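Note sheet for the following structure.
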Amino acid sequence: MRVRFAPSPTGALHIGGARTALYNWLMARGTPGATFVLRIEDTDRERSTPENVEQILDALRWLELDWDEGPVSQFERADRHAEVLSKLLADGRAYRTTATADDVKAYKAEHGSDRGFRGQDEGEGAIRLRVPDEGETAWDDLIRGRTAFQHVHLDDPVIARADGSVLYNFAVAVDDLDAGITDVVRGEDHISNTPKQLLVYEALGAEPPRFAHLPLLHGPDGKKLSKRHGAASVQELRDAGYLPEAIRNYIALLGWGAADDQTVISTDELIAQFDIAKVQKNPAQFDEKKLRWLNGLYIRSMTPAELTERVEAFTGRSGLAEGVTISQEKFATLAEFWPLAGFLYDGPTDDPAAREKWLGADQRANLATSRERLAALDSFSAEHIDATLREQVERGDAKPKDVFQPLRVAIAGAAVSPGVFESLAVLGREESLQRIDIALAGSP
RNA sequence: GCCCCCAUGGUGUAACGGUUAGCACGCGAGCCUUUCACGCUCGAGGCAGGAGUUCGAUUCUCCUUGGGGGUACCA
C-alpha cells in the first residue's frame, strides 16, 4: 500500500488538512510495509513558495506525522507531464482548442444542460481531454460506496494551458500513477475532480487507485471552517498551547469512532484501530471546547518532569518544575500556565479588583498574623505552612478564606492561583514575607 | 441554474430491522474544597418531516425540508 498526502501550500496547515494527513498516516502506519508519501500539489508558482511549503512541513513535523518519501514538487515533473500530454494528443485522447469558459457556457446554453461540452481539435490553444459521450465514470469510494458521474454531465476538462503548463486534475493523476499510489484519501471537495482524474487514468490505460473522500470540517456556525472561527490551522492550535498528541486524538474522532466508542485513544491504538471504511459521511464541526478538555486530560496524565519540559519549551523559560508541579491539574493548555503561575517567577500580577476585595483594612489583621506565623516557622514546607495557617483559622475563629485569600492575593496579586501553601513553599520564606510586607504596606 | 453528497440531543459519535436509543464534550444541580481547577454523584436534552416495505423501522426505499461540496486555461 502506498498512500500520499498532497496539500496545496497556501501557507498554513488547515485543521481539515491535518485530519486528512492524519488519516493517510494512520492507514500507512497501520499497514505493514505501507509507504506514506508526501507531495506538494500546486501548479501555481506564486503560491508554491519555499516558505509556504516549509510551513506545511513544519506543521506536519510538529504533529509528529512523519513521511517515508518526499516531499516531491509537481514542478520537478514538468518534462514527464509534457511527455504524457503529447502521448494523449497522439492517441487522440486529448485535443487542442481555443474554446474558453465563455464558449463552454454558450455551448451549454445552446445544447442544454444535459450535454457536456465537446470541442474540435484546432491544433492550438489549451489541451482538453476527450470525455466519451455515452456512459459514466464511477468508482467504489472507500467511505461513500459507489459514486458515479454521467458523461453527459461532464465537460471536456482542460488539462493543460495554452502555454503547455499542466492543470491540477491532470498533474495529480499522472503523479499518483507514477508514484504507484494505491489509496487516495482526501476531502470531499475533490469528489467532482475524481471522474476527471479517472478519465486520465483510463486514457493512459492505467489502473486507478482506490479513493476515499472525507466529509469536510465545519466551524461552530455550520459553515466551512475558516479563520473567522478562531484557530483554524494547526499552527494556531500550537500557539494556543495544545499538545500534538491531544490534537491527533481529537481530530481522529472528527468523523470516526473507535469500535468500543473510546474517547481517549493513544496514537498507537489509533494506528491499530483506525479503519477508513468506518469514517462518517456527514460533515463534522470542530469543537475547540472538547479539544481543550482532551488537552487538559493529556496534561494531567503526564509526569511532572515531562510536563515541565513542554511548558518550558512553550514559554521559553527554564526552572519551572516546581510551579508546574503545583499547578498541573489547574491548566488545560500550555498557554494557560503562565497567567496562572507566572507570579511565582516574575512577581505578583496586578489585579486591582482582587486587591480591593481581599486586601482591605479589615483583612490586613489576618494577613499580619499569618506573616508572624510564617516568619516563626522552622521549616518553610507546604506541610508546615498548611499546619500553622490552619491553626490560625481555628484559633482566630476566622473563616478559612479570610485567612487564605488575603495571603493568596498578597503573594500572587490575583484571586486565582495554585494552592497557597504550595505557592508559599515554592516562593520560599524570604520572598513570601517580602511580598506580604509590601501588601501590608500598600494603600487601602 | 446544473451535477453530486449528507441528515441520531447544542457538538462529536454508538447501536445484525426488535435496546428504557448508549458514550464523550458542553450545559444545570449537588458533593469535595483556601481560590481556580481536578474528581465524584445526579439531571435536562436526540432519531428533521411525510409516505412506503415489514409482524416490527433510528436502521431499507421514495418524496419533502434542511445543510454541504462542485460547477476555472485554481488547487
Side-chain angles (χ1 to χ4, degrees), chain A residues 6-10 41-44 46-48 74 97-101 104-105 108-109 112-114 116 125-128 141 143-144 147-150 152-155 157-169 171-172 187-195 213 215-216 218 220 222-224 250-251 253-264 280-294 296-297 300 327-332 336 340 354 358 386 389-390 393 399-409 412 414-421 423:
Chain A
S8 166
T10 47
E41 203 67 57
D42 202 329
T43 54
D44 183 345
E46 298 282 300
R47 201 147 51 171
S48 202
Q74 209 172 71
T97 174
T98 58
T100 62
V104 172
K105 232 177 251 173
K108 299 186 85 115
S113 60
D114 57 344
I127 302 177
R128 285 185 189 262
D141 198 282
I143 292 172
R144 48 195 72 223
T147 310
F149 284 79
Q150 300 301 313
V152 290
H153 294 309
L154 259 31
D155 298 325
V158 175
I159 55 176
R161 301 179 180 94
D163 67 4
S165 60
V166 294
L167 259 39
Y168 170 76
N169 281 125
V172 255
E188 77 172 7
D189 48 338
H190 281 288
I191 279 197
S192 59
N193 286 330
T194 308
H213 289 93
L216 265 19
H218 289 171
K223 297 275 169 54
K224 202 172 169 179
Y250 177 69
I251 64 180
L253 260 22
L254 243 30
W256 174 83
D260 58 357
D261 217 4
Q262 222 181 320
T263 305
V264 183
Q280 206 80 8
K281 294 187 194 72
N282 51 316
Q285 285 186 24
F286 176 73
D287 178 13
E288 195 170 339
K289 279 188 175 169
K290 189 158 185 176
L291 206 212
R292 185 174 178 279
W293 166 79
L294 202 51
L297 206 95
R300 272 171 260 129
S327 45
Q328 181 157 10
E329 57 182 35
K330 295 175 186 293
F331 62 102
E336 290 168 19
L340 177 75
W358 296 106
D386 185 332
L389 291 179
R390 286 191 193 282
V393 168
K399 285 182 183 163
K401 67 174 162 187
D402 290 328
V403 172
F404 300 135
Q405 280 302 81
L407 245 184
R408 183 190 312 281
V409 176
V416 174
S417 80
V420 233
F421 315 138
S423 297

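Numbered from 1 within each chain, the chains take letters A, B, ... in sequence-line order. Quick caveat: nothing in here was measured; it's all calculated off a predicted structure.
The same atom, P, is picked in rU58(B) and in rG50(B); the two are 11 Å apart, to the nearest Å. Rounded to a whole angstrom, the distance from the C1' atom of rU71(B) to that of rC55(B) is 48 Å. With both ends at atom P, the span from rG67(B) to rC73(B) equals 30 Å, rounded to whole Å. Distance noted for atom C1' between rU11(B) and rG46(B): 12 Å (whole Å). Between rU8(B) and rU61(B), the two P atoms lie 16 Å apart (nearest whole Å). Taking atom P in both rC42(B) and rU35(B), one finds a spacing of 25 Å when rounded to whole Å. Going from the C1' atom of rU33(B) to that of rC38(B) covers 11 Å, rounded to whole Å. Between the C1' atoms of rC36(B) and rC32(B), the separation comes to 14 Å (whole Å).
The side chain of Arg390(A) contributes an N or O atom lying less than 4.0 Å from OP1 or OP2 of rU34(B). Phosphate proximity of rG26(B) to Arg292(A): absent, as no side-chain N or O sits under 4.0 Å from OP1 or OP2.
Side-chain contact between Val393(A) and Pro400(A): present, with at least one pair of heavy atoms (C-beta onward) separated by less than 4.5 Å. In this structure, the side chains of Thr194(A) and His213(A) come closer than 4.5 Å at one or more pairs of heavy atoms.
Closest to the Ala126(A) side chain, of the nucleotides rC36(B), rC73(B), rC38(B), is rC73(B). Considering only side-chain atoms of Lys281(A), the nucleotide from rG26(B), rC5(B), rC6(B) that sits closest is rC6(B). Listed candidates were rU35(B), rU11(B), rG39(B). Nearest to the side chain of Asp287(A) is rU11(B). The side chain of Glu329(A) has rC38(B) as its nearest neighbour among rC3(B), rC36(B), rC38(B). In the set rU11(B), rA24(B), rU34(B), rU34(B) carries the atom at the smallest distance from any side-chain atom of Phe404(A). Taking the side chain of Asn282(A) as heavy atoms from C-beta on, and the options rU35(B), rC38(B), rU8(B), the nearest nucleotide is rU8(B). In the set rC25(B), rU34(B), rG12(B), rU34(B) carries the atom at the smallest distance from any side-chain atom of Lys401(A).
Ion pairing between a basic and an acidic side chain is recognised when a charged N comes within 4.0 Å of a carboxylate O; Arg128(A) and Asp155(A) show no such pairing.
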Short N/O separations, protein against nucleotides 61-72 of chain B, under 3.5 angstrom:
residue: rG70(B); atom: O2'; partner: Ser192(A); partner atom: OG; Å: 2.4

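Closest heavy-atom contact between Ala284(A) and Gly255(A): CB-N, 4.4 Å. Annotation for Gly419(A) and Lys330(A): closest pair N-CE, 4.1 Å, computed over non-hydrogen atoms.
Using a 4.0 Å heavy-atom distance criterion, Gln280(A) is classed as a sugar-phosphate-only contact.
Of the two residues contacting RNA chain B, namely Arg408(A) and Asp163(A), the nearest-nucleotide position lying further toward the 5' end is that of Arg408(A).
When the P atom of rC25(B) is taken as reference, atom CH2 of Trp293(A) falls 5 Å away, rounded to whole Å.
With a 3.5 Å limit on both pairing distances and Watson-Crick or G-U wobble geometry required, the stems of 3 or more pairs in RNA chain B span B:1-7 with B:65-71, B:10-13 with B:22-25, B:27-31 with B:39-43, B:48-52 with B:60-64.
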